[in-house]
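Below is one structure, written out as structure tokens, with a few remarks after it.
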Amino acid sequence: MAASMKGKRCLVIGGCGFLGRHLCEVLLEKGWTVQVFDIRTTFEDPRIKFFIGDLCKIEDLKPALEGVHCVFHCASPAPLGNNKALFYKVNYEGTQNIIATCKEVGVKRLVLTSSASVVYEGKGIRNGKEDELPYATKPLDYYTETKILQEKTVLAANSQDFYTVAIRPHGIFGPRDLQLVPIAVDMARKGKMKFIIGDGKNVVDFTYVGNVVHGHVLAAEHLNPGSPVCGKAYHITNAEPIFFWTFMTRLLTGLGYPAPHIHLPYTLLYILALIMQFVAWVLSPITIISPSLSPMKVALAGTDHFYSCERAKQDMGYKPVFTLDQGLKLTMESYPELKNTEPVEEKKSQ
Ligand SMILES: NC(=O)C1=CN([C@@H]2O[C@H](COP(=O)(O)OP(=O)(O)OC[C@H]3O[C@@H](n4cnc5c(N)ncnc54)[C@H](OP(=O)(O)O)[C@@H]3O)[C@@H](O)[C@H]2O)C=CC1
Ligand SMILES: CC(C)=CCC[C@@H](C)[C@H]1CC[C@H]2C3=C(CC[C@]12C)[C@@]1(C)CCC(=O)C[C@@H]1CC3
């Protein structure tokens, strides 16, 4: 049964990030009292109390968690990075700190932003359900490896007097994202988005940020003793699977860039990405190289990965509140600076 949260105090850890800030806006609209904890500030809002600190430090977390009804944990280092120690420290040890501090100061509810990638290891997933997919045993990157540890820790902490839930979004896009759209545009500007990895027919989920926020709010409203959501993970997507390359084409052409049109074999690119990753690793004591194609990126761009939201529908009444069309429109309108103003050459698909 969903509870009204009007006037209830929450803490959004990572609230200055892309998802966290969207979440704050909706929580405020719904009448919550909102506090943010982040390593930096990116915006100001007189309705929000900001706590600046590092979640790896219990002494930083403690004052922010005092008197809080529910914590939303959506902080993480940027997923496409390669710093194993940082991922481990922030995503795993930092999350252990959050749980310990919640218990110490008497916070009873924790909503984790996990990721659908915790079950993905490069092999196709079609309409994947939470109870049918095991955690990836060979995760493709350190980010995923530590998101698995993080989610397991949070769900195992669920108890009679501490209620936890994990939301697993997939491929989040929307205004102010610094990843998906800006990276795709940067690649397009460098001429690297002419290529389609594989046959272009791989089906995936992309999720508008407003739907991810909606999933988090519902989870918090249902996180009460005896509720089926306690201790469980939930896929949250747009529930509109689409060809990866159709989505990219719509995004890029909508912003004035040419559509990807030259097909390259998936296996060749995957091997190339593995070689680049190896070279980057060998050279890492001397210099830091970030190859633009990692095995994870190639896999995401060339395989199926879409998920069922049935469990979220059953247990918390989840239904997307924005369609993919609406999300794409809102996203493209929000990035005037990423629009291409150069004339675009017409290309035939190959
Ligand atoms: N984007 C996507 O497609 C998906 C994201 N997710 C998950 O959603 C969550 C939010 O992602 P998103 O909004 O895109 O990420 P952002 O990087 O935009 O936001 C994360 C915020 O957390 C902050 N942060 C990082 N380390 C710490 C720390 N040690 N202490 C306090 N704050 C810290 C970041 O600061 P700084 O920027 O300075 O590091 C940033 O402000 C993450 O947990 C991510 O794993 C899940 C599925 C898909
Ligand atoms: C290879 C290529 C064409 C890349 C351009 C787009 C990519 C930058 C995005 C496409 C799918 C995105 C994605 C993520 C990051 C950005 C992309 C690779 C995540 C890895 C972010 C963190 C997660 O938890 C899972 C996401 C899956 C989709």
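Since the model is a prediction, treat every value here as computed from it, not as a measurement. All ligand and atom numbering here is 1-based and tracks the order in the structure.
What sits closest to atom 30 (N) of ligand 1 on the protein, heavy atoms only, is Leu55 N, 3.1 Å. Scanning the protein for heavy atoms near atom 17 (O) of ligand 1, the closest one is Ser76 O, 4.1 Å. At the shortest separation from atom 16 (C) of ligand 2 among protein heavy atoms lies Leu80 CD1, 4.1 Å. Shortest contact from atom 25 (C) of ligand 2 to any protein heavy atom: Ser115 OG, 3.9 Å. Scanning all protein heavy atoms for the shortest distance to atom 37 (O) of ligand 1 gives Arg40 NH2, 3.0 Å. Atom 8 (O) of ligand 1 has as its closest protein heavy atom Thr113 CG2, 3.2 Å.
Taking every non-hydrogen atom of His170 and a distance limit under 4.0 Å, the qualifying atoms of ligand 2 come out as 27 (C). Heavy-atom proximity to Ile172, at under 4.0 Å, picks out these atoms of ligand 1: 2 (C), 3 (O), 4 (C), 5 (C), 48 (C).
Heavy-atom distances between Trp245 and ligand 2 reach below 4.0 Å in at least one pair. Not close to ligand 1: Gly94, with no non-hydrogen atom less than 4.0 angstrom away. Within the structure, the closest approach of Phe195 to ligand 2 does not fall below 4.0 Å when heavy atoms are considered. Residue-ligand proximity: Met248 is placed with a non-hydrogen atom under 4.0 Å from ligand 2.
Of the heavy atoms in Met296, none comes closer than 4.0 Å to ligand 2. With a 4.0 Å cut-off on non-hydrogen atoms, Met193 touches ligand 2 through its side chain and not its backbone.
Taking hydrophobic clusters as Ile, Leu, Val, Met, Phe, Trp and Tyr residues chained together by side-chain heavy-atom distances below 4.5 Å, Leu61 does not share a cluster with Val34.
Comparing Phe18, Phe173, Tyr143 by heavy-atom distance to atom 6 (N) of ligand 1, the nearest is Tyr143.
Geometrically, ligand 1 and Ile39 share a nitrogen or oxygen pair separated by less than 3.5 Å. Annotation: Gly20 places no N or O atom under 3.5 Å from an N or O atom of ligand 1; distance criterion only.
Protein non-hydrogen atoms do reach within 4.0 Å of atom 10 (C) of ligand 2. Protein non-hydrogen atoms do reach within 4.0 Å of atom 5 (C) of ligand 2. Under the 4.0 angstrom criterion, atom 39 (O) of ligand 1 counts as lacking any protein heavy-atom contact.
One finds the CG atom of Leu252 at 10.0 Å from the CE atom of Met332 (value rounded to the nearest 0.5 Å).
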